[in-house]
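This report concerns only the one structure given below.
Reminder, nothing fancy here: chain letters follow the sequence lines and each chain counts from 1.
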Amino acid sequence: MTQAPAAIDDVTGGLSRAARRLSTPGRPRFRMLRVVWQQHGIALALILMLFAIAAAALIYTEPFLRHAAHVGPRFWRIELLQSGYGVHYPDLAMQAIPLLIAMYVGVRLVSRELEYGTAAFAWTQGYSSTRWLLGKLGAAAAVLVPTAAAFGMLFGWWYSPYVPNLGYFGMSAFALYAPALAGWTLAGLTLGMTAAAVTRREGRGMVLALVAWILLHGVALGSPGTPASEFWPLQFAQFVILVSLSALFTGVTIWLLRGVPAVPGMPRLLRSVPWPWRAAPDRLAGKLAERPRLAIARAAWRQHRTGLIVAVGVLGIYAIILLVTGLDIHAEPARLRPQLANCLCDPGQPANGTLLLPMLLPFLIGAFAGASVTGPDFEWYTTTFAWTQGVTKARWITAKLITAGLVLGLAAVGAGLVFQWWNQPYIAASITDPAFGLYAPVFAGWMLANFGAAALLGALSRSRSTAALICLICTLVTAWGNAAFWRPRYLPPATAINRPAPAGSLFLDWFPGKPDGQPLTGEAWQRAGRALARGGGWTHIARALGRLHAVSVQTYQPASRLWPFQTIETAGLLAIALALGAATVWIIRRSTI
Amino acid sequence: MTVLETSGLSKRYRGVSALRDCNLAIPAGHVVALVGPNGAGKSTLLQLAVGLQRPSSGTIRVLDGKVPGSPAALAGVGFVAQNAPMYRNMSVAGMLQMARDLNLVFDGAYALRRIEDIGIPLKAKVGALSGGHQAQLALAIALAKRPQLLVLDEPLARLDPLAKHEFLGVLMAAAAAEGMSVIFSSHVLAELERISDYLVLVNRGRIQLAGRVDAVLAGHRVLTGPPQALPALPPTLAPIRIAGAGAQVHLLVRTPGQEDPVAPGFAAQPAVLEELVLAYLQEPGATSLPGPRLAASGVPTR
């Protein structure tokens, strides 16, 4: 009989440990860290995983880059990326981490408590709203800021071979060194919390955080022309500025939350706005009298119109900026051409950011719109309403996907066409155009592929923000992989024998080959390779190789293949989007609440 | 016509049984109270009835053989879930239009009249309404669908006494006027007798009792007498629960008829619904359905 309690203790080990913890007098150490981890562990773990993936990529690629760095900057991009497009994606993805922290962790730390009403519980325990907020911020920052700093140091080690060629301010290096990255991480976290306190909603908070983040980049220091001696002073100045901004954001958040009752509901300011489209009772009676055409599509629009209007609005602002600047550009193309061509093509140029941001649009908009179609219905249990009305689950989700997909697809095509018009005077429509992803077909294709992926992930994870984050990670990595490795191989390459690849073509490879274009092997390869490496002009190279019965072979994709490549990529993306949409319908059809 | 019919219905969530081997056939035209303690399986049964869950085994059909969740079943069944989840960002007017768009039949004029009667502002956001108003809005939408069967999961939980009274009044009026069947789950025993004419009692995932309220009451009696006389109880009387000690014991028994003789020394009284329900809830093993069971009190029942 005396053994029984021990046996029970073994079986219910977890429970008894929890009971022991609860019965221990005093409060445990790092209690706020525990609370935050319990509440937001998945979000923090995903961000840490993101850092880990980026760190693994740096460690994996470092030996190749160190070798390439000795060859010189000219070959750096070729060896790293195999194509001119890919350069935009890796540093973009790494720079996006603090933004994702703002949108995913910062916003969630505050918005979910306000949205679900659990703040009413939290603020009536042992903490005031201010201590609760500071505790959460401190706990999240304790995990993320040191991680960001460690990653920044790793990046400094990874980038060091390029300092002689690209300088400390090349690529996006400045923002990824430890002090600046730690500062951006903290600023992202606090900015997200402020956005959540202003909107009191997760989705709106994320949009506000994104917009504010874009504006926040006005405080980015350093430019390619800055002397190297100013690098570290500027790093610490950047850190101090961002920490000061973080303190400001935190103060604003505390101030906003002190006057907020801990119950869910619309902010009073927004509630009092007399929206003109709200139906008056007499008009409403007429509207309710009969079921209109395309009723399910209308219902889908009604549910998602706020998000879709914001998405179309963002694309509209992008199009308006293009239209306004494009008028000048079209008026004086000759004067502005060299500047813009430089800005578009050179990753070291600061203005290159203007190209990076629109490239991110289809990913961000697609991911959040797609996740919003499926995730919130599960989060708010509105599936119990929608699935018990007169239409089946499959029809309802199909109508939502088609309606939102059509709106986003058309808006993306419109924005892409405006970009093509804007881009016209500068770069001839060539396959090497670094803005390949901004042409209408591919722009819309990526938007819809992200939309489909996020919708499916939302149906699986039943959480909008989790789905959007995982979608962004997956699609940005896929987009980079596609641009760097798969896109140059959409069609069999052309070869140039004993001559350089034509201007404007996408260079793929250069090797000594047999007269039929096949690569040499063995000893012949080594001897011909040495002849090739000596250089000395095409005639000299051809003669030197000719003595070895070899030729110079360059493989490339001709400049004229821009539109075939656009068609291939768009068709692939649309097929993927359709498959993901069908999978979403299948999942929802089988889902229960 | 049966509005709800189950056969061997079971539902498990990750190995934990919520419902086990439920057999039930509820005829049309009743207001059915689905009663049981927390975690008994009431919500699961209702969610299965409207197609929000799928059975682990067995079958469930609504409105004479329609599969829950199918287009035919969705058109005839209205549902208001616990806490009445709706689109919080929408205005009340927008929510009504949403419901109109999602249903082939929707009596918009009725819904609008109900909303105006209650005094819910059309421009208000659904998320900003009180819990009671949200429940009333959800009921108005469900009724405007003109369903043959209305399923309500804990509809009274968030209502104040006045709103509860009004809610039940609307429900009764709609049921009487339309011949609509209603199944609702509730903990509020005091209201049961007033509004429901059919009782289904669920306990620990099993159907413990099901039948018309008058028939159920007629089949039970409360006996009061000395404990020494217990062995002399006729075998036709099946005790559900024995309470009290000392000089007097109180028994709730199932009986073939109210006029049948009881044991000497016992006084018999008609059972009251609330008392009957409580007795069954306290004895999860007791059942009035076919098949012998052993009650928790150790008294064999049939």
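- Looking at V50(B), both its backbone and its side chain come within 4.5 Å of chain A, counting heavy atoms on both sides.
- Proximity to chain A (any heavy atom under 4.5 Å) is restricted, for M90(B), to the side chain, taken from C-beta onward.
- When heavy atoms are compared at a cutoff of 4.5 Å, R395(A) does not approach chain B at all.
- Under the 3.5 Å distance criterion, the side-chain polar atoms of T592(A) are left unmatched by any main-chain donor or acceptor of Q53(B).
- Neither the backbone nor the side chain of R293(A) comes within contact range of chain B; no heavy atom of the residue lies under 4.5 Å from a heavy atom of that chain.
- Interface remark: Q47(B) contributes side-chain atoms only to the contact with chain A (heavy atom separation under 4.5 Å).
- Taking a cutoff of 4.0 Å between a charged side-chain nitrogen and a carboxylate oxygen, R112(A) and E379(A) qualify as a salt bridge.
- Residue contact with chain B, scored on non-hydrogen atoms closer than 4.5 Å, is absent for T306(A).
- Between the side chains of T466(A) and Y104(A), at least one donor N or O sits under 3.5 Å from an acceptor N or O.
- Between Y198(B) and H30(B), the angle of the ring planes lies from 30° to 60°, which puts this pair in the tilted group.
- Side chains of S10(B) and D21(B): no donor on one and acceptor on the other come within 3.5 Å.
- Contacts with chain A were tallied for G94(B), A99(B), A73(B), A109(B); G94(B) has the most, counting heavy-atom pairs under 4.5 Å.
- With respect to the salt-bridge test (charged N to carboxylate O, under 4.0 angstrom), the residues D377(A) and K400(A) qualify.
- Contact annotation for I115(B): neither backbone nor side-chain heavy atoms come within less than 4.5 Å of a heavy atom of chain A.
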